[in-house]
Structures are given as structure tokens and as C-alpha cells.
S.K.: 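The structure that follows is given in the form of C-alpha cells.
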Amino acid sequence: MSMQPIKRGLAALVLMGLALPALAQTTVSDAWVRASVPHQQSTGAFMVLTASSDSKLVGVASPVAKTVQVHEMTMNGDVMGMREVKAVELPAGKAVTLDPNGLHVMLMGLHNQVKEGDKVPLTLTIEDAKGAKETLEVQAQVRALNADAGGGHDHMHMNH
Amino acid sequence: MPAVCPTTLARAAQIRKLLRGRDRDLFQVVFITLDPERDTPEVLDAYVKAFDPTFTALTGTPEEIAAVAKEFKVFYEKVPAGDTYTISHSSTSYVYDTRGTLRLSLGHSLNAKECAEDLVTLMEIC
């Protein structure tokens, strides 16, 4: 009879174990922001996102800038453009890279200079396949203005 | 300038490091803004010098910039993005010799090493 409470406890643990994988979880790694010079109006933020279940990145906010948008670099012949993207697909288990040569976050209307070594808070809004939203707080490291773009050029060469 | 130009300017800085002696001394990077309303001279100068202190930036009135772009056959246009805008533009860098003759164009897909090799060849034959 005295075993009852323990059994109930175990049952609860099992339920929790089953419930965990159902929670959409997104991890962010290598988040960084390119430093700006004084009075520069915008800069980019970059990172690698991996979602545990099919999700979408639907918004990014930061206190350092007036407007934050996700942009995609497009090449149309020799003409390079930036297009705003409303959502970035995060397929389950796949690392999605936001880098200077493809999809990236633009911090526009910077309130202050972003200096190398600073941390920039970013709030990411992730929506799972059921439409449930969660927010993720990320501290992005500020790297030098001339920091490497992340090998995008080499990628282009592999396609030649 | 925030996403495209850092890639091109970072490449230009790498090219300069790859060049040696007289070739390096002759290599002068000039960056001309396509967005003179947003890029003030102070910001432009600090920006390009963050990549390499020898780099120079130029600006002008929107009319002057339009005329220069036309001369260089550079395409550019403002693209609205929410409450702000971005600028789409052609991504080729042009190489002039010391007499002002156009010698080479460097496409965006070339890496720094390839550009430096082309420049060394050019400097040998010119």
C-alpha cells in the first residue's frame, strides 16, 4: 500500500518522457552580428538554426534596431538584391544557416554603433507545424566589420 | 551596403594582402556609394577603412551618382522593404590602370585568390 505514491510518481515521469519530444525545440548556434561604424544605419545578424520538428522562423526583434527583417540575397545575372522573407522554413533536424551570402537577419535603423565584442540580444519567434509560437532569446556576439562572410564564395565555386 | 558590400570589400582587402611589393602599392580600392542619401561621407570613410585603411570612398549628389553609374554601366534600383528600402545593384568590380583605362572586371563569383592572380597577370602585361 505504501508503494502507491512511488508508482504514481513513476507514471508521471513516463508521461513527461513521452510529452517532451512533442515540444518543438529550436537550437541556435554561432549567432553573430557584424560590427558597424558610428552612425552606420544597418548591419547583419547571422546564425545556425536547428528545429527538432518542422517549424518556421517567423520573426526577429532586437532592441538595438528600429526595424528587423529577414532578407534573402538574390542574384539575377550580375544584379544582387535583397528581398524580405516573411518566414524561413526550418525542417526537422536540418541545420539552416543564416549567412551573409544567403538568408540573413538585417538590423535596420541602428540606435547606436554596434561594437566588436558587444552582445546583441535577438528575440526569435518560431512557429511549429501546428501554428504554436515560441520565442527564443539569443545573445549574438559582435564580430569585426570585416569578419569572414562564411565561405559563401567557395560554395558558389563548387556549383560551377 | 550592409550585406553585399562587406563581402566585396572583404574580398578587396584579401586581394590587397595577396599582392606583393609594387603590385600592392599600385592597388587602390575606390568604393562609390549608390545610396548617397543614407551613406554620409563620414560613415562611408570609416566603413571602407574598417576593411583596409588604404581604401577610399566616394559619394556625390544623387544626380552625380546616377551619372557615374550610367558611365560604368552599373545597374541599381531602390527596392521597398517594409518601412525602409534596400538597393539592388550589379555586383561587378572594375579595374582601371594608372592611366584610367578600364582593364578588367571582377565578377562577384571570383574569390580573392582568383582576382589577385588576374591582377598580377594584368600588371605583368600592361
Side-chain angles (χ1 to χ4, degrees), chain A residues 33-46 65-86 98-110 113-114 116 143-160, chain B residues 1-14 16-17 34-35 37-53 55 57 73-94 105-115:
Chain A
V33 168
R34 190 185 293 282
S36 67
V37 297
H39 308 295
Q40 186 180 325
Q41 297 204 5
S42 51
T43 192
F46 316 99
K66 188 167 144 272
T67 307
V68 183
Q69 297 176 348
V70 179
H71 282 188
E72 181 176 26
M73 192 193 92
T74 57
M75 281 300 284
N76 192 351
D78 179 47
V79 177
M80 190 178 282
M82 294 293 157
R83 186 174 59 200
E84 190 186 357
V85 176
K86 291 293 180 191
L98 305 186
D99 71 22
N101 301 293
L103 289 161
H104 55 269
V105 176
M106 284 304 302
L107 306 168
M108 306 165 96
L110 291 172
Q113 183 188 5
V114 181
E116 186 178 353
R143 293 189 192 161
L145 217 165
N146 60 358
D148 187 33
H153 283 274
D154 294 330
H155 265 286
M156 291 173 95
H157 275 276
M158 282 161 66
N159 295 334
H160 278 181
Chain B
M1 95 182 183
V4 177
C5 308
T7 315
T8 306
L9 284 169
R11 182 183 71 176
Q14 282 170 16
R16 187 169 179 276
K17 286 198 186 83
L34 290 172
D35 193 0
E37 290 154 284
R38 205 151 54 174
D39 298 343
T40 64
E42 294 73 26
V43 172
L44 272 174
D45 191 58
Y47 187 74
V48 299
K49 285 183 169 45
F51 290 90
D52 191 300
F55 289 6
K73 294 189 170 58
V74 165
F75 167 86
Y76 70 109
E77 66 176 354
K78 268 189 191 178
V79 181
D83 59 355
T84 177
Y85 63 90
T86 64
I87 292 196
S88 293
H89 59 79
S90 45
S91 57
T92 299
S93 303
Y94 297 97
S105 68
L106 299 171
H108 175 75
S109 62
L110 296 174
N111 66 28
K113 193 168 164 284
E114 291 165 329
C115 293

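No hydrogens, no waters, no symmetry mates; every other heavy atom, side chains included, goes into these values.
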S.K.: What part of B:Thr92 gets within 4.5 angstrom of chain A, counting heavy atoms only: side chain, backbone, both, or neither?
M.R.: both
S.K.: Can you label the angle between the A:Phe46 ring and the A:His104 ring as parallel, tilted or perpendicular, going by 30° and 60°?
M.R.: tilted
S.K.: In terms of heavy-atom pairs under 4.5 Å with chain A, which of B:Ala112, B:Gly107, B:Ser88, B:Ala50 leads?
M.R.: B:Ser88
S.K.: Heavy-atom distances under 4.5 Å only: say whether B:Thr86 touches chain A with side chain, backbone, both or neither.
M.R.: side chain
S.K.: So which part of B:Ala46 gets closer than 4.5 Å to some heavy atom of chain A, the side chain, the backbone, both or neither?
M.R.: both
S.K.: Look up atom NE2 in A:His71 and atom CD in A:Glu84, then write down how far apart they are to the nearest 0.5 Å.
M.R.: 5.5 Å
S.K.: Going by salt bridge (charged side-chain N to carboxylate O under 4.0 Å, His left out), name the pairs with one or both residues in residues 67-79 of chain A, residues two or more places apart or in two chains.
M.R.: A:Glu72-A:Arg83
S.K.: Output a table of donor-acceptor pairs, distance under 3.5 Å, between side-chain atoms of residues 73-83 of chain B and any protein atom two or more places apart or on a different chain; print 'none' if there are none.
M.R.:
residue : atom : partner : partner atom : Å
B:Asp83 : OD1  : A:Thr67 : OG1          : 3.2

